[in-house]
Amino acid sequence: MMISILVSAQYYENYSDSKNPYWKPKGGADFSFPVDSDLAIYACKDDLKASLMKMVEDQGNEYSRYEYISHEFKFSNPIVVEGLGKELEMMCLN
C-alpha cells in the first residue's frame, strides 16, 4: 500500500550572496514523499530520518534552503472542510 510521509520544514531565504550568506527564516514548507508502507514502517528510524533530511536539504539552492523539522506518516488524504471564511465573517460581524 502506498502512503505519504509528510515532512515539515523551515524555509530560509539568503539575504546576501553565496560567498557570505545571511539566512533568514521565512516560514514553513511541507513536503510529501510517496512510499510503500512496508518500506516506511520497517525502515530503521534513524536511516529514514537521515534520508528525509537529505532529500529536503537537496531542494535548496544558493538563494533558498529548507531545514527538516519533523515527519509523520499519512495513510489517507486530508479531509477538506469548506466554510471557514464564512464562519470567520459571521464571527467578525457579531
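We count residues from 1, following the sequence as given.
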- Exam field: side chain Ser51 to backbone Asp47, donor-acceptor pair closer than 3.5 Å: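 It does hold such a pair.
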- Item | Taking every non-hydrogen atom, the tightest pair across Asn20 and Asp17 |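 That would be N-OD1, 2.7 Å.
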- Please report the shortest heavy-atom distance between Val56 and Ala9, naming the atom on each side.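 So the two residues come closest at CG1-CB, 4.0 Å.
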Hydrophobic clusters here meaning ILVMFWY residues chained together by side-chain heavy-atom distances under 4.5 Å, can you tell me if [X] and [Y] are in one?
X	Y	answer
Phe33	Met1	yes
Met55	Ile5	yes
Met91	Val81	no
Leu6	Ile3	no
Leu88	Met90	no

May I ask you to test the [X]-[Y] pair for a side-chain heavy-atom distance under 4.5 Å?
X	Y	answer
Leu48	His71	yes
Pro25	Tyr11	no
Ser16	Pro21	no
Arg65	Trp23	yes

- Message: How long is the straight-line distance from CD of Glu67 back to OG of Ser8, given to the nearest 0.5 Å?
- Response: 12.5 Å
- Task: Using distance alone, with no hydrogens and no angle criterion, decide if Tyr15 and Lys26 have a side-chain donor and acceptor under 3.5 Å apart.
- Result: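 Distance-only check passes for Tyr15 and Lys26.
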- Item | Distance-only side-chain donor-acceptor flag, Gln10 / Tyr12, under 3.5 Å |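 No, Tyr12 and Gln10 have no side-chain donor paired with an acceptor closer than 3.5 Å.
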- Query: Are Tyr66 and Phe31 close enough that their ring centres sit under 6.0 Å apart?
  - Reply: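 Between Tyr66 and Phe31, the centre distance is under 6.0 Å.
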- Query: Under 30°, 30 to 60°, or over 60°: which ring-plane class applies to Phe75 and Phe73, parallel, tilted or perpendicular?
  - Reply: perpendicular
- Message: Can you confirm whether more than 12 heavy atoms, excluding those of Glu57, are under 6.0 Å from its CD atom?
- Response: no
